Structures are given as structure tokens and as C-alpha cells.
Visitor: 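Quick one: the structure is below, questions incoming.
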Protein chains: 2
Amino acid sequence: MTHMRPSATPPDDVDRGIPEATIARLPIYLRALTGLAERGMRTASSEQLAAATGVNSAKLRKDLSYLGSYGTRGVGYDVEYLRYQIAREIGVTEDWPVLIVGIGNLGQALSNYGGFSSRGFRIVALLDGDPARVGEQLGDLVISSMDDLDSIVAREAVSIAVIATPGSAAQGVVDRLVAAGVTSILNFAPSVLTVPPGVDVRKVDLSIELQILAYHEQRKAHGGTQLAVSDEVVTL
Amino acid sequence: MTHMRPSATPPDDVDRGIPEATIARLPIYLRALTGLAERGMRTASSEQLAAATGVNSAKLRKDLSYLGSYGTRGVGYDVEYLRYQIAREIGVTEDWPVLIVGIGNLGQALSNYGGFSSRGFRIVALLDGDPARVGEQLGDLVISSMDDLDSIVAREAVSIAVIATPGSAAQGVVDRLVAAGVTSILNFAPSVLTVPPGVDVRKVDLSIELQILAYHEQRKAHGGTQLAVSDEVVTL
DNA sequence: AGGAGTTTGTGAACGCGAGAACAAAATCCA
DNA sequence: TGGATTTTGTTCTCGCGTTCACAAACTCCT
Ligand SMILES: NC(=O)c1ccc[n+]([C@@H]2O[C@H](COP(=O)([O-])OP(=O)(O)OC[C@H]3O[C@@H](n4cnc5c(N)ncnc54)[C@H](O)[C@@H]3O)[C@@H](O)[C@H]2O)c1
Ligand SMILES: NC(=O)c1ccc[n+]([C@@H]2O[C@H](COP(=O)([O-])OP(=O)(O)OC[C@H]3O[C@@H](n4cnc5c(N)ncnc54)[C@H](O)[C@@H]3O)[C@@H](O)[C@H]2O)c1
């Protein structure tokens, strides 16, 4: 998908390229604004938003400036207006249909979770490879067979799917999802997925998160650099 | 915790500061090495590891070089030896005791998950604020009351905890965890947590992940920059 | 109307991480 | 033994993201 404009050199134009790091923070701002709106706040300064989100206020202002000049100097941002603008930028003014594959421990927890609907997503189907599970009722939905994948994706216009199968099954499932037309995937299985260009994969790996915590925890225990300058190993 | 060595200026010494980005990848290498070892592979080159992890081989070599010179030029890395060295660096040669607070949909899925034990963690307690849930058996464990938090943390020497309560309860739970002596927290609740210095918090937010996917998905649908140079809106 | 106070939007400096490229070190083979 | 081959460890460069700092823009009060 290397689409490049004819005259390449000049970085003219309304460069619509919002930095990836900013995009990852927009949902945080969105959530904070929703919270502020619920508490009746009409406007909010970048400092207030910074306090509510834990993001540095200058960084927050720069992030918002990528969307346009939606603030008023001396006043701040209109909470409701900014909330809508961010939702529009992210693309969650309407709900996205989402499909979950692998209805085990985790898949079940996800399908029971009510928080997605208020954040721009609607779970439209649950799929599992185990024939014994197919037909089982779970909330409003019934678990479907993998055989129905293509028809479901087509009927519901699904472009986002969640994988909660064991790691060994994940690549096979991805391939089928991609073949069915899914182009965005959230992967909970601990495996490296290969997808064709144009398909996005994000992964959530709880073991990795814990291991990162463990690393820092270990450092805390061992107190600084042991083999450093003579400074008794204190081991607090 | 602003501990700084007397003579500040020269960056001499065995600078034990491994970049955060590297630390986040070590668990990926660890998992890949475990997989390769299971398939009987004795040595692996950086290219092979790169293929198995989806990480650029140069980046991978640089990451590993922070741990020491564990490779052999012309040969590669000894799989078992490197696996152990990484596990040691992360701090998962022994299991860390972990405690989960909030045994709802998600907390239950986590406590049923078998994958943690093989990756350096052992769930030692489940806590819930709902008195009706206390005493309920769940696998090997029984749900404890929040009143037992301090004694459990002390008895099991817990330093890592997982929060899976509703967002509204999260800050209160964190405060209690910190007071009990927990210094690393993995948070699933969609709220910004405030903790004293010395305490690490990592968050996992599924809605945010989905929203990031939605953003890119929206871009795919609208085909490039619409208001750009005259170049018919193609909308593939 | 005008000055004091507030807050945004952004230019500029800086630091970190990614990746290319290559010299050094080890193996293999004749 | 020595040259070809493989692969690591590291240097160098570049781009992105963070942060500071401040002028511009707006409100409020007198
Ligand atoms: N449960 C957790 O808390 C947790 C934590 C971290 C990571 N994970 C990861 O999430 C994934 C799911 O975990 P889980 O505990 O829910 O596992 P699980 O075994 O409870 O559920 C897996 C489900 O996937 C289905 N499945 C298997 N192969 C399939 C296929 N080819 N096509 C469609 N469906 C298939 C199974 O029938 C089962 O229902 C795993 O990869 C696990 O490593 C889970
Ligand atoms: N379930 C999911 O798939 C999912 C997905 C994304 C995010 N989350 C988030 O994870 C968290 C848990 O989700 P869930 O679906 O398991 O919720 P849940 O309502 O099913 O479970 C929450 C549990 O926390 C307990 N609890 C409430 N207040 C408490 C307190 N003060 N102290 C101790 N325990 C307390 C409740 O008794 C309950 O058992 C929520 O913050 C949710 O937003 C969940």
C-alpha cells in the first residue's frame, strides 16, 4: 500500500498525520472528558485535563492541537465540544461491530463486559472452535461455529475482531479472519501473528506486563547497582 | 528516591541502566527461547530469534548486548543459556506471589488462567469487597475478605497485585494495597491511579486498544487524505 | 477602554530508540 | 595454516516524542 503523492519532497498540505503516540492518548482524554461532563463541568483547561489524565499539560495541548484549534485562550476547552471532536477523530461516534473468537475464560469475561458499548463498540458475535460450545447462550448472544465466520463478517460488516484462543490456534484463526475480510485484530494469545499488509494487529499480553513489573520489583529489592562504587549492599 | 552517586558527571562504570524499551521486549525473547528449546533447538542466531519474535535482528542483538556478551560470533546464542540469563535479568527464575483484587468477570478469568505459573508467577490469594463472594472456592483458592489484605500480604510476602475491580473502586483499592506494602500493580480498571513514588503501576485497557484499532480502521475506509490535492475521493 | 490575569498553540532544544552498516571474532573447510 | 563464511557487538545517524518556554489571544475587572 505504498501510495505516495507525485511531488514527494515538500511537506506541504494539511498534514493529517497524527503521531501514533498521540492517538494512543486520545482515548484517555475522551474518557476524562466524559467523566468531567458527567460531573457537570462545561469547560476545562489543559491543566485540569492534565490532572484528570495524568498527562503533562504541554503534551496534552500539543496532542489536541493536531486535531485543530478547539480551545479558547484564557478559557480552556469546551468539554462537550472537545469530547465530540475526539470521538469523531478516533471514529467512535458510531459503534463498531466486534467479533470475539475463542469463548473460554477470557472470551467469556469479555463478552460479559458491559463497558464496550459505551466506548464505541458492540459485540455482535461469539465464535468457538469447540463444537460442544456452539449453540450455547451467553447474554444476548449464542456461540456460533467457525464455519459461520464468513457469513457473519459479511452480514454484520465486521472489520474488528478479538482473538482469545490458545496461542497454538491463534495464527490459524487470524488467517481465517483475514480471509473473511477482518482488517483489525486485538490478540490476547501469547504468540507472534503474521498478517498481510493493510491488516492491523495489537496484542495484549498480561504475562509480559507482569514480567515488566517483576523486573522493576527485583531492582527495588536489590537496592541500586550492587557492583558499583564501594557503597555497602544495603538490601532494604 | 532520588539516589544519585556523588560524582555525577562522568557516565563511567558498568552502566546497569537497561532501556525501558528493551525491558519490554525481554519477555518476548524469553517466550521465543522457551519455544525453541521445546523444539529441541540448541543454538539460535539473532536472525532466527528475530523471525520468531517479529523483532528486527539488529535491535534484538542490541537488546541482548545490554545483558552481556552471551552470544558467540559465527554461531549465535546458546538457547538454554540465554533463556536462563534473560529469566534472571527479568527476575523470574523464582515465582513471584501475586494477589488479585476484584473477582468478577475478569478476575475470575485471570485466576483460572494456567499460563502465569509457567512464566514466573503464582497466584496466592483472591480478594473481593463483596461479603457474599467471600469464602467462595475457585480452583485451589478461596476468596478472601479485604480485611485480610494486610495479613495475606505479610504472610505471603506479596509485592505484586492485580486490580480487577470497577473503576470507581480502583483508587481506594490501590491505597489499601500500597498501605499493606504492595509496590507493583497491574490495573485493569479504566481509571487513572495515583500512587506514591516507589510504587509502579501498569495499566491494561482493552477499550483503548480497540479505539486505537478503530482509528486506523476509519482511516482505511476513507482512503487517504480527502481534503488533499485534487485526486478524486476513491473510497476503496 | 485599558491593564492585569489566564490559558492556548507552537517553536526550539533535547533525549531516546530504531535501524543500517561494519569491524571483530569465531567456525568451517581445504 | 589460511582464507572464506557466518554472525555478533557496536558505532553512527536519523526521526520521533517529550518538555520547556513564551508570544498570541482571550476574559475579567475597574
Ligand atoms: N484467561 C486469562 O486470564 C488469560 C490471561 C492471559 C492470557 N490469556 C490468553 O488468552 C487466551 C485465552 O485464554 P483462556 O484462558 O480464555 O483459554 P481457554 O482455554 O479457557 O479458552 C480458549 C477457547 O478457545 C477455543 N478454541 C481453541 N481452538 C480454537 C480454534 N482453532 N478456533 C476457535 N476457537 C478455538 C476453545 O474451544 C476455548 O473455548 C490464551 O491464549 C491465553 O494464553 C488468558
Ligand atoms: N470483563 C472484561 O472483559 C473487562 C474488559 C475491559 C475492562 N474491564 C475492567 O476490569 C474491571 C473488572 O471488570 P469485571 O467485568 O470483572 O467487573 P465485575 O463487576 O464483574 O467485577 C468486579 C468485582 O470487583 C469487586 N469489587 C467491587 N468493589 C470492590 C472493592 N472496593 N474492593 C474489592 N473488590 C471490589 C466486586 O465485588 C466484583 O466481584 C472493571 O474495571 C472493568 O472496567 C473488564
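Remember, predicted model here, so these are calculated numbers, not experimental data. Just so we're on the same page: letters track the sequence lines, and every chain starts at 1.
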Visitor: How do A/Arg61 and B/Thr22 order along DNA chain C: which one's closest nucleotide is nearer the 5' end?
Guide: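 Per heavy-atom nearest nucleotide, the more 5' residue is A/Arg61.
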Visitor: If you round to the nearest 0.5 Å, how far is CZ of B/Phe188 from CD1 of B/Ile100?
Guide: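 Result: 8.5 Å between the selected atoms.
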Visitor: Using a heavy-atom distance cut-off of less than 4.0 Å, which residues of residues 43-60 of chain A contact DNA chain D?
Guide: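 The answer is A/Asn56, A/Ala58, A/Lys59.
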Visitor: Tell me the salt bridge (Lys or Arg N to Asp or Glu O under 4.0 Å) pairs involving residues 166-177 of chain B, sequence neighbours left out?
Guide: none
Visitor: Quick one, which residues of residues 77-84 of chain A touch DNA chain C with a heavy atom under 4.0 Å?
Guide: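 Those residues are A/Tyr77.
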Visitor: Which residue pairs pass the salt bridge (Lys or Arg N to Asp or Glu O under 4.0 Å) test when at least one of the two sits in residues 42-62 of chain A, sequence neighbours left out?
Guide: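 For residues 42-62 of chain A, and leaving out neighbouring residues, there are no salt bridge (Lys or Arg N to Asp or Glu O under 4.0 Å) pairs at all.
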Visitor: Checking side chain to side chain donor-acceptor pair (under 3.5 Å) for the pair A/Tyr84/A/Arg88: CA distance, chi angles, key distance, verdict?
Guide: CA-CA 6 Å; A/Tyr84 177 75; A/Arg88 196 178 51 77; 5.0 Å; no
Visitor: Using whole Å, what does the distance between atom P of nucleotide D/dT8 and atom CG of B/Leu64 come to?
Guide: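 Spelled out: CG on B/Leu64 to P on D/dT8 is 9 Å.
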Visitor: Using whole Å, what does the distance between atom P of nucleotide C/dG9 and atom CG of A/Leu67 come to?
Guide: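 From A/Leu67 CG to C/dG9 P: 10 Å.
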Visitor: Rounded to whole Å, how long is the line connecting atom CG of B/Asp63 with atom C1' of D/dT8?
Guide: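 Answer to the nearest Å: 14 Å.
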Visitor: Please, which pairs that meet salt bridge (Lys or Arg N to Asp or Glu O under 4.0 Å) have at least one residue in residues 18-28 of chain A, sequence neighbours excluded?
Guide: A/Arg25-A/Asp63
Visitor: Going by atom type alone, with no hydrogens or angles, which donor-acceptor pairs under 3.5 Å involve a side-chain atom of residues 72-80 of chain B and a protein atom two or more places apart or on another chain?
Guide:
residue : atom : partner : partner atom : Å
B/Asp78 : OD1  : B/Glu80 : N            : 3.2
B/Asp78 : OD1  : B/Tyr81 : N            : 2.9
B/Glu80 : OE2  : B/Arg83 : NE           : 3.3
B/Glu80 : OE2  : B/Arg83 : NH2          : 3.2

Visitor: Apply side chain to side chain donor-acceptor pair (under 3.5 Å) to B/Arg202 and list each qualifying residue two or more places apart in sequence or on a separate chain.
Guide: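 Partners of B/Arg202 under the side chain to side chain donor-acceptor pair (under 3.5 Å) test: A/Glu209.
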Visitor: Counting primed atoms plus P, OP1 and OP2 as sugar-phosphate and everything else as base, spell out the protein contacts along nucleotides 23-30 of chain C at 4.0 Å heavy-atom distance: B, S or - for each nucleotide, 5' to 3'.
Guide: -BBSS---
Visitor: In whole angstrom, what separates B/Tyr29's OH from D/dT8's P?
Guide: 13 Å
Visitor: Applying side chain to side chain contact (heavy atoms under 4.5 Å, CB included), can you list everything that pairs with B/Val192, at least two apart in sequence or on another chain?
Guide: none
Visitor: Return the set of residues passing side chain to side chain contact (heavy atoms under 4.5 Å, CB included) with B/Asp205 (not counting sequence neighbours), or none when no residue passes.
Guide: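 In terms of side chain to side chain contact (heavy atoms under 4.5 Å, CB included), with neighbours along the sequence ignored, B/Asp205 is linked to A/Arg31, B/Pro190, B/Lys203, B/Ser207, B/Ile208.
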Visitor: Test of understanding: with side chain to side chain donor-acceptor pair (under 3.5 Å), list the residues that count as partners of A/Tyr113, not counting sequence neighbours.
Guide: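 For A/Tyr113, the residues satisfying side chain to side chain donor-acceptor pair (under 3.5 Å) (neighbours in sequence not counted) are A/Arg119.
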Visitor: Does any N or O in the side chain of A/Thr22 come within less than 3.5 Å of the main-chain N or O of A/Ile18, such that one atom is a donor and the other an acceptor?
Guide: no
Visitor: Identify the pairs formed between an N or O of the protein and an N or O of nucleotides 11-16 of chain D at a distance under 3.5 Å, and give each distance.
Guide:
residue : atom : partner : partner atom : Å
D/dC12  : N4   : B/Lys62 : NZ           : 3.4

